[in-house]
Engineer: 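For reference, the structure I am asking about is given below.
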2 protein chains.
Amino acid sequence: MMKATRLEEGNTSKAPVPIRSNKGISVIDLVLRLVGIAGTMGAAIAMGTNQQTLPFFTRFVQFSAEYDDFRSFRLFVIVNAIVCAYFVLTIPLSIVHIMRSVARGTRILLIIIDTVMLALLTAGASAAASIVYLAHNGNSSTNWLPVCQQYGDFCQGASGSLIGSFGAIVVFILLILLGAMALSRQSKSRL
Amino acid sequence: MMKATRLEEGNTSKAPVPIRSNKGISVIDLVLRLVGIAGTMGAAIAMGTNQQTLPFFTRFVQFSAEYDDFRSFRLFVIVNAIVCAYFVLTIPLSIVHIMRSVARGTRILLIIIDTVMLALLTAGASAAASIVYLAHNGNSSTNWLPVCQQYGDFCQGASGSLIGSFGAIVVFILLILLGAMALSRQSKSRL
């Protein structure tokens, strides 16, 4: 069976294989990175400027909530800032890939760092999402009350800023997919 | 400049390039998948059987905590079970890769699904981690009290089960790295 497959492959390589350019993939790659910059920057800014002070206070405390009160939200802002910076830094590399579509080493490098960044961003976004869920619904067995009735604007801001981050996660998955496709096409066109 | 690079590449392809086998990479791939099965299965079982009933009760309630009370923990168990099943399903494919190291399409497929599973597992694990953090430390601005003084065993169980899951995340990153390396080696050895 193995022999048969080898033979088949031999046939394919003798047939005229058109040399396929990765230019289209590289252009989509660049566009996706720009989308990712917008998403993560928006998420970081929206969460970072998110705060609400309630219009009433007791003798002891003024009630206010800001992103810095929650470790998960702070992580969220930091992670989004890191990923946004990473996207900006990879723009030149992406442009190089458009001009020089035979690049191999840099593509593999990008796939690997993209994967690590995907894991980082997913961790930050879902940690924040779980806190947002808790703020909306609370938890009865630990007696954590939902706080979104009081801090309505804060909750809305936090929920909204998740959107940009989850958009960037989808962007990363597409980028890794495109990178793997480009690598596989290269090895075909080189036969 | 482009021309120069092309020329250089032409030279390399004429030099005798040893045909490098991907057998070693495929064996490591198989071992990593087995580690991943152990990690995610352990995490799912540890979290799924995690519950604690406090030895005292009031007139109205018996205090108890189990993983099902927290959406994030339930997500954690489901995600770990899915990823564990995925690892089991890919074992045959991994064995095929050992025997037939020229496989290309299946490698790309594995990289892509691995990436999606990495995102899924990271989301589940970090959502659970943020709840565990909250259970340990509480949050003063929303008046969520730390519950680990009461539910000590429950907290320990939840924290422990995170370990297996984060181990599997590292496994996934290594798997994607190995997959990209194997793909790139193939295209070299085919010149």
Side-chain angles (χ1 to χ4, degrees), chain A residues 2 5-6 9 13 63-66 69-72 75 99-100 102 104-105 107-108 111-112 114-116 118-131 133-135 137-145 147 150-151 169 172-173 176-177 179-181 183-184 186-188 190-191, chain B residues 1-2 5-6 9 13 63-66 69-72 75 99-100 102 104-105 107-108 111-112 115-116 118-131 133-135 137-145 147 150-151 169 172-173 176-177 179-181 183-184 186-188 190-191:
Chain A
M2 205 167 144
T5 327
R6 280 271 165 80
E9 276 189 347
S13 74
F63 293 101
S64 74
E66 58 173 338
D69 296 340
F70 298 85
R71 286 289 166 104
S72 299
L75 175 76
M99 294 186 299
R100 190 172 160 283
V102 288
R104 272 263 310 293
R107 269 188 212 280
I108 296 175
I111 288 184
I112 293 164
D114 276 356
T115 309
V116 174
L118 167 67
L120 193 69
L121 187 62
T122 314
S126 64
S130 78
I131 299 296
Y133 177 84
L134 213 56
N137 296 286
N139 185 289
S140 57
S141 69
T142 53
N143 212 15
W144 292 338
L145 298 173
V147 293
Q150 290 97 55
Y151 297 106
I169 290 173
F172 266 127
I173 291 179
I176 294 169
L177 171 61
M181 269 172 59
L183 273 180
S184 100
Q186 266 173 23
S187 48
K188 259 188 197 161
R190 274 178 166 203
L191 281 173
Chain B
M1 192 211 153
M2 210 167 143
T5 327
R6 281 269 165 81
E9 276 187 349
S13 74
F63 293 101
S64 75
E66 58 174 337
D69 296 340
F70 298 85
R71 287 288 166 104
S72 299
L75 175 77
M99 294 185 299
R100 189 171 160 284
V102 288
R104 273 261 310 291
R107 269 188 212 282
I108 296 175
I111 288 184
I112 293 164
T115 310
V116 174
L118 167 67
L120 193 69
L121 187 62
T122 314
S126 63
S130 78
I131 299 296
Y133 177 84
L134 212 57
N137 297 287
N139 185 290
S140 58
S141 69
T142 53
N143 214 16
W144 293 337
L145 299 172
V147 293
Q150 289 96 54
Y151 298 105
I169 290 173
F172 266 127
I173 291 179
I176 294 170
L177 171 62
M181 269 171 59
L183 273 180
S184 99
Q186 266 173 22
S187 48
K188 259 187 197 160
R190 273 182 166 201
L191 280 174

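Letters A, B, ... are given to chains in the order of the sequence lines, protein chains preceding strands, and every chain is numbered from 1. Keep in mind that this is a model prediction, so the values were computed, not measured.
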Engineer: Non-hydrogen atoms of chain A under 4.5 Å away: do they reach the side chain of B/Leu121, the backbone, both or neither?
Structural biologist: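 Neither the backbone nor the side chain of B/Leu121 comes within 4.5 Å of chain A.
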Engineer: Which region of A/Arg71, side chain (C-beta onward) or backbone (N, CA, C, O), has a non-hydrogen atom less than 4.5 Å from a non-hydrogen atom of chain B, or is it both or neither?
Structural biologist: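 Contact with chain B is through the side chain of A/Arg71 alone.
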Engineer: Side chain, backbone, both or neither: which part of A/Ala129 has a non-hydrogen atom closer than 4.5 Å to chain B?
Structural biologist: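 Neither the backbone nor the side chain of A/Ala129 comes within 4.5 Å of chain B.
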Engineer: Are B/Thr122 and B/Leu118 close enough that some pair of their side-chain heavy atoms sits under 4.5 Å apart?
Structural biologist: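 Of all side-chain heavy-atom pairs linking B/Leu118 with B/Thr122, at least one is under 4.5 Å.
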Engineer: Looking at B/Ile108, B/Asn143, B/Val116, B/Ile111, which has the largest count of heavy-atom pairs under 4.5 Å with chain A?
Structural biologist: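 Greatest number of close heavy-atom pairs with chain A: B/Ile108.
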Engineer: So which of B/Ile169, B/Leu145, B/Asn137 has the largest heavy-atom pair count under 4.5 angstrom toward chain A?
Structural biologist: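 Highest number of pairs under 4.5 Å: B/Leu145.
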Engineer: Can you confirm whether A/Ile112 sits close enough to B/Ile176 that some side-chain heavy atom of one is under 4.5 Å from a side-chain heavy atom of the other?
Structural biologist: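 Side-chain contact under 4.5 Å: no.
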Engineer: For A/Ser130 versus B/Ala127, what's the shortest heavy-atom pair and its separation?
Structural biologist: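 That would be OG-O, 3.4 Å.
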Engineer: Can you say whether B/Ala128 sits under 4.5 Å from chain A via the side chain, the backbone, both, or neither, judging by heavy atoms?
Structural biologist: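 When you check distances to chain A, no heavy atom of B/Ala128 falls under 4.5 Å.
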Engineer: If we define contacts as heavy-atom pairs under 4.5 Å, which of B/Ser72, B/Ala119, B/Gly105, B/Ala180 has the most with chain A?
Structural biologist: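 When all of B/Ser72, B/Ala119, B/Gly105, B/Ala180 are compared, B/Ala119 has the most.
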Engineer: Is it the side chain or the backbone of B/Phe172 that comes within 4.5 Å of chain A heavy atoms, both, or neither?
Structural biologist: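 Neither part; nothing is under 4.5 Å.
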Engineer: Counting only non-hydrogen atoms closer than 4.5 Å, does A/Ala65 touch chain B with its backbone (N, CA, C, O), its side chain (CB onward), both, or neither?
Structural biologist: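 Looking at A/Ala65, nothing touches chain B.
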Engineer: Using non-hydrogen atoms only, which part of A/Leu120 is less than 4.5 Å away from chain B: side chain, backbone, both, or neither?
Structural biologist: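 No part of A/Leu120 comes within 4.5 Å of chain B.
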Engineer: Does A/Phe70 reach the side chain of A/Leu75, with side-chain heavy atoms less than 4.5 Å apart?
Structural biologist: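 Sidechains of A/Leu75 and A/Phe70: no contact.
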Engineer: So which of A/Asn139, A/Ile173, A/Leu177, A/Thr115 has the biggest tally of heavy-atom pairs under 4.5 Å with chain B?
Structural biologist: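 Top option by heavy-atom pairs under 4.5 Å: A/Asn139.
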